Peer 1: 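Following this message is one structure expressed as structure tokens.
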Amino acid sequence: MKYLLLITNDPNELAAMPADAANAMFGEYLAFTQRIQASGEMLAGDPLHDISTATTVRTRDGVTTLTDGPFAETKEHFAGFYVVDVVSLDRALELAAQIPGARTGSIEVRPIMSYSE
């Protein structure tokens, strides 16, 4: 089953992190990514640029509006994601707990719908 592991964090917390701690976390991300690539469970994944690069698009009654930034003002922002193909929800949750960002933010785990099943 395919799952989205959506990484959410508070960018202010990360900005306040000492450089050596931030570098160590980056190394942990690389190691985690290499492990799930080697196991064949990773289908995709990438970090996201800062929310200052985001644009939210809404279409209401045929009128499209564009707003700089994310959909809602929140403390935590989407930081990145992994798409994994694993044997069970339990395995997806196990992987989510291993993502370094789980210690400073949260990881939302959602099954990906398949129209062919």
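Since this is a predicted model, take the numbers as computed values, not measurements.
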Peer 1: Which residue pairs pass the side chain to side chain donor-acceptor pair (under 3.5 Å) test with at least one member in residues 86-96, sequence neighbours excluded?
Peer 2: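 Pairs touching residues 86-96 that pass the test: E41-R91, R91-E94.
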Peer 1: Applying salt bridge (charged side-chain N to carboxylate O under 4.0 Å, His left out) as the test, list every pair that has at least one member in residues 17-28; sequence neighbours left out.
Peer 2: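 Passing the test, one end in residues 17-28: E28-R103.
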Peer 1: Would a hydrophobic clustering, with Ile, Leu, Val, Met, Phe, Trp and Tyr connected at side-chain separations under 4.5 Å, put L43 with I112?
Peer 2: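 Yes, one cluster joins them.
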Peer 1: What residues, two or more places apart in sequence or in another chain, satisfy side-chain hydrogen bond (donor to acceptor under 3.5 Å, both in side chains) together with T64?
Peer 2: T59
Peer 1: Could you tell me the separation between the CG atom of L30 and the CD atom of Q37, rounded to the nearest 0.5 Å?
Peer 2: 9.5 Å
Peer 1: Among residues at least two apart in sequence or on other chains, which ones pass side-chain hydrogen bond (donor to acceptor under 3.5 Å, both in side chains) with Y3?
Peer 2: none
Peer 1: If you look at every heavy atom in A96 and A102, which pair is closest and at what distance?
Peer 2: O-CB, 3.7 Å
Peer 1: Is the shortest side-chain heavy-atom distance between R58 and T67 below 4.5 Å?
Peer 2: yes
Peer 1: Could you tell me which residues satisfy side chain to side chain contact (heavy atoms under 4.5 Å, CB included) with R35, sequence neighbours excluded, listed by chain and number?
Peer 2: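 Counting only residues at least two positions away or on another chain, R35 forms a side chain to side chain contact (heavy atoms under 4.5 Å, CB included) with A31, F32, Q98.
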Peer 1: Side chain to side chain contact (heavy atoms under 4.5 Å, CB included) with L14: which residues, sequence neighbours excluded?
Peer 2: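 Testing L14 for side chain to side chain contact (heavy atoms under 4.5 Å, CB included), a comparison that skips the adjacent residues, returns N9, M17, M25, T104.
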Peer 1: Name the atoms and distances for all side-chain donor-acceptor pairs under 3.5 Å in residues 78-86, with sequence neighbours left out.
Peer 2:
unit_1 : atom_1 : unit_2 : atom_2 : d
Y82    : OH     : T33    : OG1    : 2.7
D85    : OD1    : M1     : N      : 3.3

Peer 1: If you compare all heavy atoms of G101 against all heavy atoms of Y29, which two are closest, and at what distance to 0.1 Å?
Peer 2: N-OH, 3.0 Å
Peer 1: I99 and L89: same hydrophobic cluster, using ILVMFWY side-chain contacts below 4.5 Å?
Peer 2: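 Yes, it is one cluster - the side chains of I99 and L89 are joined through contacts under 4.5 Å.
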Peer 1: Determine the sole option in L4, L5, L93, L6 for which the side chain to side chain contact (heavy atoms under 4.5 Å, CB included) test with I107 is passed.
Peer 2: L5
